[in-house]
J.: 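Right, I'll just put the structure down here and ask away after.
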Amino acid sequence: MIPGIGAFTWDTLWCFSQVKGTMETGTTEADIISTVEFNHTGELLATGDKGGRVVIFQREQESKNQVHRRGEYNVYSTFQSHEPEFDYLKSLEIEEKINKIRWLPQQNAAYFLLSTNDKTVKLWKVSERDKRPEGYNLKDEEGRLRDPATITTLRVPVLRPMDLMVEATPRRVFANAHTYHINSISVNSDYETYMSADDLRINLWNFEITNQSFNIVDIKPANMEELTEVITAAEFHPHHCNTFVYSSSKGTIRLCDMRASALCDRHTKFFEEPEDPSNRSFFSEIISSISDVKFSHSGRYIMTRDYLTVKVWDLNMENRPIETYQVHDYLRSKLCSLYENDCIFDKFECVWNGSDSVIMTGSYNNFFRMFDRNTKRDVTLEASRENSKPRAILKPRKVCVGGKRRKDEISVDSLDFSKKILHTAWHPSENIIAVAATNNLYIFQDKVN
Amino acid sequence: MECALDAQSLISISLRKIHSSRTQRGGIKLHKNLLVSYVLRNARQLYLSERYAELYRRQQQQQQQQQPPHHQHQHLAYAAPGMPASAADFGPLQLGGGGDAEAREPVARHQLHQLHQLHQLHLQQQLHQHQHPAPRGCAAAATAASPPASPAPASSAGFYRGAYPAPSDFGVHCSSQTTVLDLDTHVVTTVENGYLHQDCCASAHCPCCGQGAPGPGLASAAGCKRKYYPGQEEEDNDDEDAGDLGAEPPGGVPFAPCKRARFEDFCPDSSPDASNISNLISIFGSGFSGLVSRQPDSSEQPPPLNGQLCAKQALASLGAWTRAIVAF
């Protein structure tokens with residue numbers, strides 16, 4: 001088994017690596033993880049939570065003594081990104097919950113990331129300080145000014161090592177550009193601009209300019225009573241800086257080219273699958289709403305997640321997806337109760353692995369699913385404390401739909417719908433995944449022989 | 001598959017969700033409310049179609065049993081003599097009323113009560129008529145309404161709605177207006193019976209706007225808050241509502257007027273309570289009644305009061321009914 005290229009075969013076994021977070025049963029809501037994101041090298045893993053905090057984990061260097069154990073992720077930096085605010089004009093409270101984190105590619109020693117709540121995007125700089133200047137002439141060691149009359153000699157200050165300190169400073173605050181709730185941010189491949197999307201509009205920003213943004217998509221109707229759909233997610237193409245996609249609550253995806261016009265209300269491509277009339281129900285509109293859209297690393301495909309399925313679309317074919325994977329189709333007969341308990345509104349995310357051969361998404365009961373696009377095989381795994389022995393191999397789980405339940409299966413009615421995995425992340429090049437289960441972050445790796 | 005009974009509970013569950021979303025932290029979620037409004041629309045369509053299919057079946061049975069009486073077409077506006085004409089103009093969730101809140105309240109309640117009585121009377125009359133086209137018309141309209149009607153939650157953070165004083169200053173036709181303040185653009189538009197003012201005034205039938213009414217109307221006199229009385233009229237304890245009228249400050253929380261929306265009255269625990277649904281429907285006045293009484297082949301003269309008994313209006317008012325539910 002050769003690690004590093006992210007190849008997934010049916011022989012891949014996933015092992016527990018780490019879990020972060022408290023084990024206590026009384027979870028404060030502020031600790032619930034709301035976003036997870038690896039940086040471009042996979043060295044850093046960032047999480048945001050409902051309390052507005054960002055926690056960054058760094059992978060430790062692999063030691064030569066333990067070649068079989070890949071580097072672990074340890075806390076690198078923690079900071080409060082957003083605070084609760086109050087909009088006095090509208091008498092609305094603005095939640096501090098971090099909706100999305102996106103890393104910028106590293107261009108110097110410091111790390112930069114974007115974090116956003118419902119209304120404001122912030123650019124954070126995370127940098128290390130491990131040296132301290134000592135020997136100032138005009139200041140003493142405590143920083144107090146010295147009386148110049150007492151200075152008889154001059155010396156050159158020197159840098160002395162100190163304990164590593166990681167500082168996070170907000171470098172830019174992009175505020176007051178969104179009337180509705182921000183659901184997505186996406187860094188452009190030009191590394192100079194990024195976009196933020198709310199329910200009805202998408203804005204384009206330059207990292208250097210905080211008091212202006214360009215509106216590039218606006219689907220707000222002149223008469224709000226004619227509103228039929230909202231924007232649910234948006235992302236830039238990984239290589240073409242002029243191209244982006246956005247998904248809608250009606251289950252459609254639009255691809256736009258910013259070269260065509262300043263306002264990209266008219267799409268370049270429109271991806272929609274005709275609805276199957278036999279599946280029509282009261283909740284058809286809800287379950288067709290797309291909760292996440294992601295470009296493949298190659299830029300050739302997009303993946304969308306709606307309530308029951310994950311779909312892979314070829315950019316060159318608009319009339320239907322090329323692949324559809326059922327995540328938890330056994331819930332189709334439970335939609336009524338899922339509507340009552342609001343679970344039907346859960347927004348699951350989906351991710352590609354580094355080679356675009358496997359896709360992953362979450363489900364209920366702390367289950368998450370992986371689909372191998374080549375072999376068409378899928379597996380259901382569980383993130384639980386019971387499987388938390390180091391390097392313990394995760395056993396595939398199975399949900400029994402009806403009839404006789406086999407020994408290791410779990411029946412649909414026993415599923416715990418309060419334990420949902422909405423946010424997952426896959427290392428850009430290795431088989432390392434981060435899975436957010438409420439207030440715990442699980443890290444799994446593939447088994448290294 | 002869900003039946004009409006489940007449709008009722010779905011409607012009440014959905015309304016409860018919309019109601020509670022107003023007090024949730026972070027403000028009203030546009031996306032979620034939009035999805036809930038779709039469920040509302042679907043449930044309502046099923047409920048209406050089943051209900052009118054049932055009514056039609058009963059009438060067919062009676063037709064076979066009795067000698068058919070002469071055809072009567074009843075429009076809600078004419079169903080009871082002495083009924084104030086403006087009752088027919090009640091748009092969804094809109095109660096006419098003039099002046100300040102205090103003066104308006106007894107008028108509103110009175111009109112509401114009359115509306116309810118009218119509706120009950122109307123339903124009874126339907127059962128005794130032999131050839132009432134309503135079920136067919138309704139079913140057709142209900143079906144037709146589904147694609148174009150666009151349930152839209154104006155319950156977004158960007159909206160504030162206030163009802164406008166009625167009739168004395170405006171033509172009867174324009175008696176029920178909703179003013180919408182778009183917090184994005186700070187433009188105030190007047191929506192009438194679910195239409196933008198400019199749309200309805202463009203129609204040749206619009207009597208009061210014949211003088212070339214302005215487009216998106218500017219806010220006129222001091223607006224009063226729109227009140228919602230789900231299930232309220234079923235009891236005679238209207239007095240409970242009195243204190244709340246006018247209590248909310250203008251320009252306050254969006255949909256603050258409906259702080260005391262009476263969902264406890266409208267609860268699914270009261271078992272297959274069709275009267276609750278019909279009361280709810282009766283609230284929405286002409287949006288529903290216009291549909292009930294409309295004839296597909298309009299052989300009768302168009303009632304002068306509500307000159308827009310056209311398919312478009314019925315469809316839009318259906319949608320407006322849904323949207324208005326969501327809006328508050």
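Basis for what follows: all heavy atoms, side chains included, without hydrogens, waters or symmetry-related copies. Note that the structure is predicted; figures quoted are calculated from it, not measured. Below, read A as the first sequence line, B as the second, and so on, with proteins coming before strands; counting in each chain starts at 1.
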J.: Using non-hydrogen atoms only, which part of A:D342 is less than 4.5 Å away from chain B: side chain, backbone, both, or neither?
T.: both
J.: Which atom pair, heavy atoms only, marks the closest approach of B:A43 to A:F282?
T.: CA-CE2, 3.4 Å
J.: Any side-chain heavy atom of A:T228 sitting closer than 4.5 Å to one from B:L34?
T.: no
J.: Measure the spacing between CG of B:L30 and CD1 of A:I231 and express it to the nearest 0.5 Å.
T.: 10.5 Å
J.: Begin with the C-alpha distance, continue with both residues' side-chain angles, and end with the deciding distance and a verdict on salt bridge (charged side-chain N to carboxylate O under 4.0 Å, His left out) for A:E285 and B:K32.
T.: CA-CA 11 Å; A:E285 287 85 1; B:K32 182 176 176 185; over 6 Å; no
J.: State, yes or no, whether a side-chain contact exists between A:R280 and B:N42 at a heavy-atom distance under 4.5 Å.
T.: yes
J.: For residues A:I344 and B:L35, determine if any side-chain heavy atom of one lies less than 4.5 Å from a side-chain heavy atom of the other.
T.: no
J.: For A:S289, is it the side chain, the backbone, both or neither that has a heavy atom under 4.5 Å from a heavy atom of chain B?
T.: side chain
J.: Taking only residues two or more places apart in sequence, or in another chain, which ones meet A:K122 in a side chain to side chain donor-acceptor pair (under 3.5 Å)?
T.: none
J.: Is it true that B:R25 and A:E85 make a salt bridge, defined as a side-chain N closer than 4.0 Å to a carboxylate O?
T.: no
J.: Please determine whether side-chain contact (heavy atoms from CB on, under 4.5 Å) holds for the pair B:K17 and A:F345, giving the CA-CA distance in whole Å, both sets of side-chain angles, and the decisive distance to 0.1 Å.
T.: CA-CA 12 Å; B:K17 284 188 195 296; A:F345 301 105; 4.2 Å; yes
J.: For A:T232, is it the side chain, the backbone, both or neither that has a heavy atom under 4.5 Å from a heavy atom of chain B?
T.: side chain
J.: Going by side chain to side chain contact (heavy atoms under 4.5 Å, CB included), B:H31 matches just one of A:S248, A:S249, A:S291. Which one?
T.: A:S249
J.: Measure distances from A:Y339 to the heavy atoms of chain B and classify the residue's part below 4.5 Å as side chain, backbone, both or neither.
T.: both
J.: Between B:Y38 and A:S284, do the side chains contain a donor N or O and an acceptor N or O under 3.5 Å apart?
T.: no
J.: In plain terms, say whether B:R16 and A:E340 are close enough for a salt bridge, that is, a side-chain N and a carboxylate O under 4.0 Å apart.
T.: no
J.: Stepwise, does the side-chain contact (heavy atoms from CB on, under 4.5 Å) test hold for A:Y180 with B:I28?
T.: CA-CA 9 Å; A:Y180 304 98; B:I28 297 166; over 6 Å; no
